[in-house]
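Below: one structure, written as structure tokens.
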Amino acid sequence: MKSDETTPPASYKTTTRMSSDTPLYETSSNKSSIDTPSGNIKTRELVAKLIRDIISYDTRESAMEELSKQREVIEGLPLMLWYSYGVMTALLQEIVAVYPLLSPPKLDADSSSRVCSALSLLQSIAASPETRKPFLDAQIPLYLLPLLNTSCRTRPFEYMRLTSLGVIGSLVKSNDPDTVSFLLSTEIIPLSLKIIETGNELSKAVSIFIVLKILSDKQGLAYICDVYERFHLLTTTLSNMIVQVFDKGSPKLLKSILRCYLRLSEDGKAQIILKQALPACLRGEGVYQILKNDASSIKCLEQLHKNLDMA
């Protein structure tokens with residue numbers, strides 16, 4: 001399966017505050033001058049000031065929020081964040097600060113929004129080819145694992161988990177074998193499977209995307225298929241999700257699950273097991289009713305059946 005067949009969910013790019021439209025810098029025409037990041041001296045000075053403000057605890061929250069809202073239009077922001085003195089330390093302090101609020105669950109909306117601002121800036125660093133490698137070399141994603149290893153289903157926790165998943169999703173989107181190798185050395189797959197089981201629909205979608213991107217790499221496929229316990233955990237989770245998808249009729253989730261099964265069917269050992277263990281609902285006509293006119297997903301299903309000698 002080609003890696004470019006997988007795309008993140010439409011709402012994959014997370015934001016920090018859900019109801020804030022305040023521009024980073026307003027001109028006399030009430031238009032953010034951040035629209036021209038490389039040509040506006042005032043904007044560059046403001047961005048530099050906001051980055052400096054991250055270092056001080058008193059000004060950090062507002063600075064992180066403003067930068068995270070505009071992170072996609074600030075030219076060179078990942079490099080500036082990574083190489084500015086004290087900034088990464090400050091962002092990691094924000095992550096560690098919520099650890100005591102995770103168990104027992106005490107995370108409120110304000111604390112969640114604050115840590116999500118920091119996570120959004122980490123996502124920018126993770127997404128940039130210029131900063132991704134040092135980001136991984138410093139093992140920054142390990143700081144996110146406690147945030148993902150939570151089960152409280154309140155809105156602040158769901159929001160924090162989703163934004164944390166956004167950081168990991170930005171990493172796997174690069175299709176870089178070194179990134180996959182690093183993630184396989186962590187608990188990201190079992191944590192993603194846990195969120196697939198218990199998270200809200202958007203968190204499930206991003207988690208499945210992460211698992212699929214890891215499976216798309218030959219290291220990831222071997223990691224799952226060479227150890228039966230891992231293969232069993234993944235297929236059991238996917239099978240449980242299939243039941244939920246059929247109950248709710250969610251074609252987007254079904255599309256990603258199908259691609260996971262298709263990728264697994266490309267491994268010889270997994271193929272033998274899947275011939276007996278593929279969920280019955282993926283063998284009948286009902287799955288076509290959910291997919292309807294989605295030609296690419298129907299083609300994926302037919303290829304899966306062919307790989308398993310079910311065509």
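Everything numeric in this text was worked out from a predicted model, so none of it was measured. In this chain, numbering begins with 1 at the start of the sequence shown.
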Above 12 or not: heavy atoms from other molecules or residues under 6.0 Å from NZ of Lys106?
no

Looking only at heavy atoms, the pair that brings Leu50 and Glu66 closest together is CD1-CB, 4.1 Å

Nearest heavy-atom neighbours spanning Leu171 and Thr179
O-CG2, 3.6 Å

Taking Glu130's backbone N and O only, do any of them form a donor-acceptor pair with Ser128's side chain (distance below 3.5 Å, no angle check)?
yes

What heavy-atom pair brings Leu282 and Leu301 nearest, and what distance separates the two atoms?
O-CD1, 3.7 Å

Could you walk me through whether Leu254 and Ser297 pass the side-chain contact (heavy atoms from CB on, under 4.5 Å) test, one step at a time?
CA-CA 9 Å; Leu254 177 57; Ser297 294; over 6 Å; no

Would you mind checking if Asp176 and Lys133 are paired as a salt bridge, meaning a charged N to carboxylate O distance below 4.0 Å?
no

If we ignore angles and hydrogens, is there a donor and acceptor under 3.5 Å between the side chains of Ser203 and Asn200?
yes

Can you find a pair of side-chain heavy atoms, one from Met88 and one from Ile125, that are under 4.5 Å apart?
yes

One should read off an interatomic distance between Ser207 OG and Met241 CE, to the nearest 0.5 angstrom, of 9.5 Å

Cluster check Val243, Ile195: I/L/V/M/F/W/Y, side chain < 4.5 angstrom:
no

So, Thr235 side chain and His232 main chain: donor-acceptor pair closer than 3.5 Å or not?
yes

Counting C-beta onward and ignoring hydrogens, is there a side-chain heavy-atom pair between Ile95 and Val115 closer than 4.5 Å?
yes

So for atom CZ, which belongs to Phe231, do other residues, nucleotides or ligands contribute more than 12 heavy atoms lying within a distance under 6.0 Å?
yes

Given Ile210 and Val206, is the side-chain contact (heavy atoms from CB on, under 4.5 Å) satisfied, shown in steps?
CA-CA 6 Å; Ile210 290 169; Val206 180; 4.2 Å; yes

Below 4.5 Å, heavy atoms only, C-beta onward: do Leu165 and Phe209 meet side chain to side chain?
no

Shared ILVMFWY cluster between Ile272 and Val227, side chains joined below 4.5 angstrom?
no

Let me confirm one number: the CG-CD1 distance from Leu67 to Ile54, rounded to the nearest 0.5 Å.
5.0 Å

Output yes when a side-chain donor or acceptor of Ser265 lies under 3.5 Å from a complementary backbone atom of Leu262, and no otherwise.
yes

Leu274 vs Gln271, side-chain contact (heavy atoms from CB on, under 4.5 Å): CA-CA, chis, key distance, verdict
CA-CA 5 Å; Leu274 286 176; Gln271 193 177 97; 5.9 Å; no

Does the side chain of Lys204 come within less than 4.5 Å of Gln244's, by heavy atoms?
yes

Kindly work out whether a path of hydrophobic side-chain contacts (I/L/V/M/F/W/Y, heavy atoms less than 4.5 Å apart) joins Tyr143 to Leu145.
yes

Report yes if the side chains of Leu212 and Ile257 come closer than 4.5 Å at any heavy-atom pair, otherwise no.
no

Ion pair Asp53/Lys49, N-O distance below 4.0 Å:
yes

Polar side-chain atom of Arg230 near backbone of Pro190 as donor-acceptor pair, under 3.5 Å
no

Report yes or no: does Arg132 contribute a side-chain atom to a donor-acceptor pair with the main-chain N or O of Ala127 at less than 3.5 Å?
yes

Taking every heavy atom of Ser164 against every heavy atom of Leu144, the minimum-distance pair comes out as O-CD2, 3.7 Å

Just grab all the ring pair (Phe, Tyr, Trp, His ring centres under 6.0 Å) pairs involving residues 45-86, residues at least two apart or on different chains.
none

Run Arg161 and Glu158 through salt bridge (Lys or Arg N to Asp or Glu O under 4.0 Å) and show every step you take.
CA-CA 5 Å; Arg161 278 193 297 270; Glu158 291 281 13; 3.4 Å; yes

Hey, does Leu101 have a side-chain heavy atom less than 4.5 Å from the side chain of Ser111?
yes

Heavy atoms of Ile51 and Leu81 approach each other most closely as CG1-CD2, 4.4 Å

Heavy-atom side-chain contact between Met64 and Leu121 under 4.5 Å
yes

When you measure from the side chain of Arg71 to the backbone of Ser68, do you find a donor-acceptor pair of N or O atoms at a distance under 3.5 Å?
yes

Taking the side chain as C-beta and beyond, is there a heavy-atom pair between Leu102 and Met160 under 4.5 Å?
yes

Could you tell me whether Arg263 and Glu266 have a side-chain N and a carboxylate O separated by less than 4.0 Å?
yes

Using modelled atom types and a 3.5 Å cut-off, is there a donor and acceptor pairing between side-chain atoms of Ser113 and backbone atoms of Ala109?
yes

Rounding to 0.5 Å, atoms NZ (Lys255) and CD1 (Ile208) come to a distance of 13.0 Å

Show your reasoning for whether side chain to side chain donor-acceptor pair (under 3.5 Å) applies to Asp294 and Ser296.
CA-CA 6 Å; Asp294 187 341; Ser296 65; 3.0 Å; yes

Take Thr237 and Asn240, measure what side chain to side chain donor-acceptor pair (under 3.5 Å) needs, and give me the verdict at the end.
CA-CA 5 Å; Thr237 302; Asn240 292 339; 5.7 Å; no

Reported CD1-to-OG1 distance for the pair Ile74 and Thr43, which is rounded to 0.5 angstrom
9.0 Å

Roughly how far apart are Leu253 CG and Ile196 CD1, rounded to 0.5 Å?
9.0 Å

Could you tell me whether a side-chain N or O of Thr150 sits under 3.5 Å from a main-chain N or O of Cys152, the two making a donor and an acceptor?
no

Val180 vs Tyr223, side-chain contact (heavy atoms from CB on, under 4.5 Å): CA-CA, chis, key distance, verdict:
CA-CA 10 Å; Val180 173; Tyr223 175 88; over 6 Å; no

To the nearest 0.5 Å, atom CG of Leu278 lies from atom CD1 of Ile273 at 12.5 Å

Shortest non-hydrogen separation from Leu193 to Leu234 and the atoms involved:
CD2-CD1, 3.6 Å

Could you check whether Ser170 and Gln123, counting side-chain N and O atoms only, form a donor-acceptor pair closer than 3.5 Å?
yes

Side-chain donor/acceptor of Ser185 to backbone N/O of Phe182, under 3.5 Å:
yes

With distance as the sole test, does Glu65 use its side chain to make a donor-acceptor pair with the main-chain N or O of Ser117 at under 3.5 Å?
no

